[in-house]
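Have a look at the structure below before the remarks.
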Number of protein chains: 2
Amino acid sequence: MNDPAGRFTLRQLSCFVAACEGGGIGAAANRLHLAQATVSGAIADLERTLGVQLLVRGRRRAATPSPAGRELLAQASDVLAAAARLDERSSALRGEVSGELPVGCLVTLAPAVAPAVCRAFEARWPRATVTLVPAHQGELLARLREGTIAVAITYDLGLNPAVEFSPLAPAPPYALIPAGHRLAAAGSAELAELATDPFLLLDLPLSRNYFLGLFRAAALEPIVARRVADPELLRSLVAWGYGYTLANALPGPERAVDGTPLRALPLRGGPAPPRVGLARRAGLEPTRTATAFAEACTDALATRWGQA
Amino acid sequence: MNDPAGRFTLRQLSCFVAACEGGGIGAAANRLHLAQATVSGAIADLERTLGVQLLVRGRRRAATPSPAGRELLAQASDVLAAAARLDERSSALRGEVSGELPVGCLVTLAPAVAPAVCRAFEARWPRATVTLVPAHQGELLARLREGTIAVAITYDLGLNPAVEFSPLAPAPPYALIPAGHRLAAAGSAELAELATDPFLLLDLPLSRNYFLGLFRAAALEPIVARRVADPELLRSLVAWGYGYTLANALPGPERAVDGTPLRALPLRGGPAPPRVGLARRAGLEPTRTATAFAEACTDALATRWGQA
DNA sequence: CAACTATCATCGGAAAAGACGATGAACGAC
DNA sequence: GTCGTTCATCGTCTTTTCCGATGATAGTTG
């Protein structure tokens with residue numbers, strides 16, 4: 001790249017355009033709040049670096065653009081207009097809630113919370129749009145670090161000190177059991193009551209470790225009958241009696257996708273439940289838009305999730 | 001206008017873009033042939049003036065754009081791209097023959113010479129186009145002065161020292177007489193032989209003074225029968241026997257537009273004939289395109305006009 | 001024709017910004 | 001813990017920018 005920066009400056013272009021449009025160098029100097037000598041020199045420098053005579057200097061009459069200057073005037077105005085757009089957009093980023101906000105969301109959490117949250121945010125701030133990036137925890141953290149997403153909706157599990165976490169709601173684990181299970185009538189269960197059943201493990205990076213960790217914490221050994229990476233398939237398998245499984249987040253309807261009924265039982269005991277919340281890059285002060293999104297999440301989850 | 005110039009510089013934008021695309025601040029410094037401290041400071045300044053954090057600094061990892069920075073990166077690139085276009089266009093103006101060239105032409109001269117000259121020029125330089133501005137001498141001079149036209153095709157009459165004139169061809173005056181005139185068989189004429197006939201004056205700003213001046217120089221008094229501003233109408237009037245007239249430039253076909261015949265007689269004696277040529281603003285060095293146009297004029301008029 | 005006015009260029013000094021090298025701090029890898 | 005990488009900060013030097021004053025020029029006016 002033969003860099004145009006370093007050859008001429010925005011100030012020079014500004015002087016040139018002002019002199020063309022404002023009727024002379026002196027007039028431009030007034031408008032730009034500069035000395036006449038400054039504007040004169042800036043344009044002379046610009047002419048030298050571009051190698052083109054831009055202005056026709058009349059001694060008596062104000063300077064006017066030369067034919068070549070007239071042509072370059074349009075291009076110079078383009079540069080200044082682009083600079084003005086950048087300036088405008090930056091103050092918008094600083095001040096208003098608008099534009100595109102890239103938001104990451106843990107895949108297992110996305111269907112339950114992303115639509116409601118995005119809807120609430122975009123309804124409140126119509127000039128902003130959310131670009132949703134569903135990913136697993138590792139990718140979310142990488143993207144937060146590299147700036148591809150401004151914020152991530154996820155659990156406070158497996159985080160590192162480079163991200164800051166603001167909890168929104170606790171997500172206590174549930175057990176999912178077939179409708180005809182011996183505990184189906186109970187209001188809740190303990191992990192020990194289930195451990196003798198075949199266990200269907202949600203085999204995703206974060207879930208895998210978390211759920212197995214629950215058994216370890218209770219000094220139990222689950223009978224892992226199957227490892228399944230798809231949450232909906234898992235629900236179906238439970239409904240059809242292949243075993244039980246554990247899940248966080250919203251328990252969902254008490255039917256699998258094919259209509260077969262199942263039951264969700266809150267788990268008693270165990271360690272403190274994980275929390276759903278917003279993860280941001282530590283040390284990166286959020287834009288106004290990102291802050292507004294965080295507020296919208298608080299509101300949306302308080303009403304939707306709070307009583308679940 | 002809240003001037004964007006003065007708030008940030010092209011150099012700062014260049015550093016920012018290079019850091020985003022080049023994988024870190026140090027790498028950008030190498031690419032831009034600047035010290036790492038310079039690039040770091042430039043980006044920090046830009047962040048301060050824009051009020052937006054642009055980069056996520058990893059101590060170990062290279063700095064990457066933040067979400068907001070990613071958005072502004074596009075705008076910054078636009079500014080630099082526009083600046084690059086300006087730079088490119090200016091070197092093109094300096095070096096190659098292209099773009100639009102505004103050319104003035106005296107109205108009375110335009111039909112005879114403009115098409116041939118423009119055709120020759122545009123055939124030789126296909127990337128350039130001529131915008132023809134037909135006007136009277138006064139407007140041509142004003143436009144040369146104010147830069148609306150780069151060059152004018154006109155006579156060396158009524159010029160002022162602010163324009164530089166390059167003659168292309170002499171344009172000796174002709175007398176136009178009806179086909180049945182008593183001098184129709186002569187090969188040429190003197191003004192005195194015609195002065196007793198009714199004179200039809202081409203009543204245009206420049207012509208008026210020039211033709212009456214010819215009589216004054218010969219100490220003759222023409223019988224001004226009519227003043228007409230349209231050259232073609234004048235030829236018709238001559239052809240129909242209303243009198244004689246004088247003209248420069250090419251004599252044209254020996255018929256008026258309606259087919260009535262007339263004759264053109266070179267004038268003997270009189271002062272040195274005016275010349276057709278190119279007028280340019282004095283002290284304004286021509287662009288490469290304007291120079292090429294001048295050459296095309298020389299070529300075209302040498303072949304077309306030379307033997308007339 | 002001479003004084004006047006409007007316009008721009010040039011000059012020299014003062015202030016600000018830019019650029020550099022060296023140093024220091026943070027983070028990850030070994 | 002130590003090393004290597006990456007970036008920020010500091011002090012200094014150079015360059016640029018900016019200004020007011022002065023000079024030059026051309027059209028206008030008396």
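Naming: A, B, ... by sequence-line order, numbering from 1 per chain.
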Taking only residues at least two apart or on different chains, which pairs with a member in residues 38-50 of chain A satisfy salt bridge (Lys or Arg N to Asp or Glu O under 4.0 Å)?
A:Asp45-A:Arg48, A:Glu47-A:Arg57
Side-chain donor/acceptor of A:Glu139 to backbone N/O of A:Leu141, under 3.5 Å:
no
Tell me every residue that passes side-chain contact (heavy atoms from CB on, under 4.5 Å) with B:Ala37, counting only those two or more places apart in sequence or in another chain.
none
What string of B, S and - do you get for nucleotides 9-24 of chain D, 5' to 3', if B is base contact, S is sugar-phosphate-only contact and - is no contact with any protein heavy atom under 4.0 Å?
B--------SBB----
So salt bridge (Lys or Arg N to Asp or Glu O under 4.0 Å) across residues 151-163 of chain B, not counting sequence neighbours, yields B:Asp156-B:Arg275
On DNA chain C, which is the earliest and which the latest nucleotide, 5' to 3', with an atom closer than 4.0 Å to a heavy atom of chain A?
C:dA6 to C:dG28
Cut-off 3.5 Å, no hydrogens considered: what does the side-chain donor-acceptor table look like for residues 206-213 of chain A, sequence neighbours left out?
residue: A:Arg208; atom: NH1; partner: A:Asp203; partner atom: OD1; Å: 2.6

Sorted by first residue and then second, give each side chain to side chain donor-acceptor pair (under 3.5 Å) pair with at least one member in residues 62-74 of chain B; sequence neighbours left out.
A:Arg89-B:Glu71
When the distance from CZ of B:Arg57 to P of D:dA8 is rounded to whole Å, what number comes out?
4 Å
side-chain hydrogen bond (donor to acceptor under 3.5 Å, both in side chains) filter on B:Ser91, not counting sequence neighbours, yields none
Could you pull out all donor-acceptor pairs under 3.5 Å where a side-chain atom in residues 73-86 of chain B meets a protein atom, sequence neighbours excluded?
residue: B:Ser77; atom: OG; partner: B:Leu73; partner atom: O; Å: 3.0

